[in-house]
Amino acid sequence: MIDGSGRSTVVLDVSGVRWASQQSTVTAVLGRRPGVVSVQPNPVSQTATVVFDPARTSLRELREWLRDCGFHCAGQSVPAHVCDPMAEPDPSVAVDTAPPRPRAAPPEHAAVAHDDHDGMSMSAMAADMRNRFLVSLVFSLLVMLWSPMASDMFGLHVATPWGLRQDIWALILSLPVIFYSATIFFTGAVRALRARTLDMMVLVAVGIGAGWLYSLAITLTGGGEVFYEASTMLATFVLLGHWFEMRARGGANDAIRTLLDLAPPRAVVIRDGREAEIPTAEVVVDDVLLVRPGTKIAVDGVVVDGDSEVDESMVTGESLPVHKEPGSAVIGATINVNGTLRVRATKIGADTALAQIVNLVQQAQNSKAPGQRLADRAAFWLVLVALLGGGATLLVWLLAGATFAKAMLFAITVVVITCPDALGLATPTAIMVGTGLGAKRGVLFKNAMALESSARVRVVVMDKTGTLTKGEPEVTEIATGDVAGDAGLLSLLAAVERASEHPLAQAIVRYAEVRGAAVLAAGRFENVPGHGAIAVVDGRRVVVGNRRLLDREGIELGDLAGVRDRVAGGGQTAVLAAVDGKAAAVIGIADAPRETSAAAVRELHELGVEVVMLTGDNQATAERIAGTLGIDTVIAEVLPADKAARIAELQSGGRKVAMVGDGVNDAPALAQADVGIAIGAGTDVAIDTADVVLMRSDPVDVPTALRIGRGTLRKMHQNLAWAVGYNTLALPIAAGVFEPALGLTLRPEIAAMSMSGSSIIVALNALSLKRLRLPGAPADS
């Protein structure tokens with residue numbers, strides 16, 4: 001996508017990033033190239049978001065630079081049936097000049113690079129890691145079996161075959177480990193060094209290579225103390241740890257895979273009066289789809305025939321089926337429950353709600369939180385500290401009179417245990433899980449900044465109409481006189497109001513229908529603009545309108561005058577009715593709160609958040625709604641243009657403010673707030689001014705968004721604290737600082753197990769976020 005400054009943004013799938021710390025290599029490969037403005041790699045999703053100047057470089061050059069350093073650069077894994085193969089190319093999207101593979105257009109927020117050389121997926125890399133680990137494990141155990149350690153610790157004395165020297169036999173057994181299992185470390189180190197950066201691959205390669213090469217030199221010069229078992233076990237434990245890590249990283253991206261799997265691969269369309277089953281990718285706008293009970297709706301559209309209930313929970317998070325009838329909008333990938341529907345396709349491919357949701361989730365997962373940028377810089381320096389620390393450890397122990405073998409052992413341990421992989425995984429894994437958890441509930445975070453900012457919100461400002469309330473008038477009470485019984489009166493009033501198109505009239509009609517009032521015909525109907533309506537119903541003259549209409553008709557309110565004043569004073573609209581010249585009823589009409597608004601306010605209060613209602617309505621109406629819902633502060637009679645200024649006033653105290661609105665009239669206020677939350681997006685999820693998009697028209701999703709933000713930030717902080725604390729504690733132990741006084745020391749293979757375990761702990765801690773308890777839902781297992 002090309003922005004206003006002429007820069008282009010592209011999301012590259014970069015397979016081959018086996019460890020989180022390798023993201024620094026990807027950054028270094030691309031970041032120093034001319035025309036590249038910024039690089040944001042994500043080790044969990046195996047992507048890199050690159051902002052570049054298309055006048056100075058191209059998409060092809062970006063791919064070639066990555067390939068030169070040994071990475072594969074391929075297209076994003078979006079199934080063809082989700083996208084639109086017939087879409088016209090978007091001139092704003094950076095396009096590679098290479099012949100494209102026949103697949104759908106990518107989401108319009110970014111160009112997606114494609115390559116004819118398929119790289120390895122996360123699952124394939126995990127399988128490869130498993131195979132390398134198993135080979136390394138078998139041969140490492142064999143090396144250990146014939147090592148001096150086995151005889152010293154376990155009293156095992158196994159003769160070597162063919163009378164070979166123990167070190168020569170260990171060398172032979174170590175060859176499959178070094179030249180198969182551990183090759184990924186050496187090739188990865190070469191990539192990093194060619195990119196003029198340092199990452200975990202360099203540390204592991206130095207640790208394994210130094211121990212093995214030293215041992216080889218000793219073997220070739222006549223024998224002595226060797227470290228074949230240390231080098232092979234080091235490789236084994238690193239491979240084991242990162243096999244588990246890869247599986248955890250794969251689990252962090254379950255949400256995207258689940259969303260992509262929702263879209264049905266085929267659809268039934270009616271063309272030329274005949275039913276035809278075709279791939280969903282071949283559906284075009286204005287096609288009529290036949291959707292039978294129990295099947296999925298292929299694309300977004302409008303019902304042209306039929307009635308049914310549709311389960312939209314998988315897309316919007318709405319728990320109850322939604323009734324659909326002619327004219328109702330439907331969302332692709334939702335399930336038609338009972339009736340048969342005919343749906344006219346209105347949005348296909350990348351324009352569907354599902355594609356937009358996937359697009360937004362991927363944007364969020366590929367972005368970086370502020371804390372991650374600091375962690376990335378710290379990881380580079382930690383690698384440098386590890387290498388310098390290893391060299392210093394070797395030198396200090398030699399000066400202290402230790403043997404070269406002992407000094408080398410401590411040095412290798414320092415290099416291995418200081419690997420910053422846990423630091424690199426700390427935040428991206430939490431972000432992946434947090435955004436995925438939100439997507440399951442119909443809460444879409446646009447980027448990692450929005451996720452982190454939502455955790456710090458202390459004031460939530462909510463628009464009244466359409467957010468806290470239903471946005472349509474509703475009868476809240478009716479007080480009758482002695483003219484007629486309630487049911488009979490409702491029939492008379494509804495007969496008059498059916499002939500009127502006024503919103504208040506329709507509210508009275510709906511109220512009467514719900515209560516089963518008889519349907520009567522109205523004659524001699526007279527509409528009085530600005531006042532009300534008059535008609536004859538069942539031989540009786542019925543007047544429905546405001547006070548001025550009754551005054552014109554010479555009708556006194558009598559005992560109902562007090563009721564009228566109370567209703568109007570409470571912020572409701574008072575509609576008056578008279579039958580045969582006598583006052584009959586006062587009807588209170590108001591914009592009623594949503595069923596979940598009060599629960600949403602309670603949830604926000606539990607989070608320690610102040611709730612503010614911001615509305616253009618009069619003070620009395622606003623106070624009535626606020627009192628019903630338990631809202632803390634009311635700011636009423638505010639023009640749309642002034643809402644942003646009111647948000648700024650609330651921010652002036654230093655508190656983080658979230659604004660919740662419909663994303664259209666509230667756009668300036670949403671942009672001004674620290675977190676803009678668009679509610680009730682429905683099928684139109686691409687709302688530019690909002691940071692968070694709520695698919696449902698449900699205020700309770702606001703505290704859900706804040707809980708997810710807080711839970712994610714808490715996991716990020718826990719992971720960063722663990723990663724930093726682990727290295728701070730492990731480094732002096734590995735260097736042998738406590739060995740003379742306490743006898744406390746580590747061998748390289750134990751250091752490798754500890755380092756890998758640290759990364760696994762970080763990944764599993766982030767995955768535990770899936771169990772976060774959210775409003776209205778059980779804990780996710």
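Numbering of residues begins at 1 and proceeds along the displayed sequence. A quick note: this is a predicted structure, and the numbers were derived from the prediction, not measured.
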Item checked: Val460 vs Leu706, side-chain contact (heavy atoms from CB on, under 4.5 Å): CA-CA, chis, key distance, verdict -> CA-CA 10 Å; Val460 169; Leu706 300 193; 3.9 Å; yes
Considering all heavy atoms of both residues, which atom of [X] and which atom of [Y] are nearest to each other, and what is their separation?
X      : Y      : result
Ala329 : Lys324 : O-NZ, 2.8 Å
Ala598 : Leu629 : N-CD2, 3.7 Å
Val337 : Asp311 : CG2-N, 3.8 Å
Pro703 : Leu607 : O-CD1, 4.0 Å
Ala298 : Pro264 : CA-CG, 3.6 Å
Ala622 : Val634 : CB-CG1, 3.5 Å

Within the structure provided, determine whether [X] and [Y] are in side-chain contact (heavy-atom separation under 4.5 Å).
X      : Y      : value
Leu767 : Val433 : yes
Ser453 : Asp674 : no
Ile297 : Ile331 : no
Leu769 : Thr712 : yes

Could you state the interatomic distance from [atom1] ([X]) to [atom2] ([Y]), rounded to the nearest 0.5 Å?
X      : Y      : atom1 : atom2 : answer
Lys446 : Asp691 : NZ    : CG    : 7.5 Å
Arg594 : Thr469 : CZ    : OG1   : 7.0 Å
Leu614 : Met659 : CG    : CE    : 5.5 Å
Lys296 : Leu289 : NZ    : CG    : 14.5 Å
Ile708 : Phe445 : CD1   : CZ    : 5.0 Å
Ile679 : Thr467 : CD1   : OG1   : 5.5 Å

Next item on the list: Flag the pair Asp463 and Lys643 as a salt bridge only when some basic side-chain nitrogen lies within less than 4.0 angstrom of an acidic carboxylate oxygen.
Entry: yes
Next item on the list: Could you tell me whether Glu452 and Arg456 make a salt bridge, using a distance below 4.0 angstrom between a side-chain N and a carboxylate O?
Entry: yes
Is the side chain of [X] donor-acceptor paired with the backbone N or O of [Y] at a distance under 3.5 Å, no angle test?
X      : Y      : answer
Ser768 : Asn765 : yes
Asn338 : Glu309 : yes
Ser597 : Leu468 : yes
Lys656 : Val459 : no
Asp701 : Thr704 : no
Asp632 : Val612 : no

Item checked: Test side-chain contact (heavy atoms from CB on, under 4.5 Å) applied to Glu603 and Val609, step by step -> CA-CA 9 Å; Glu603 289 281 349; Val609 174; over 6 Å; no
Notebook entry, point to check: Can you list the steps and then say if Val692 with Val443 is a side-chain contact (heavy atoms from CB on, under 4.5 Å)?
Noted result: CA-CA 7 Å; Val692 181; Val443 178; 3.9 Å; yes
Margin query: Is there a side-chain contact (heavy atoms from CB on, under 4.5 Å) between Leu341 and Val310? Walk through the geometry before answering.
Written below: CA-CA 10 Å; Leu341 297 176; Val310 174; 4.2 Å; yes
Next item on the list: Tell me, with the steps shown, if Asp698 and Thr596 meet side chain to side chain donor-acceptor pair (under 3.5 Å).
Entry: CA-CA 7 Å; Asp698 193 342; Thr596 57; 2.5 Å; yes
Item checked: Criterion side chain to side chain donor-acceptor pair (under 3.5 Å) on Asn336 and Thr295, from CA distance to verdict -> CA-CA 6 Å; Asn336 181 28; Thr295 61; 5.2 Å; no
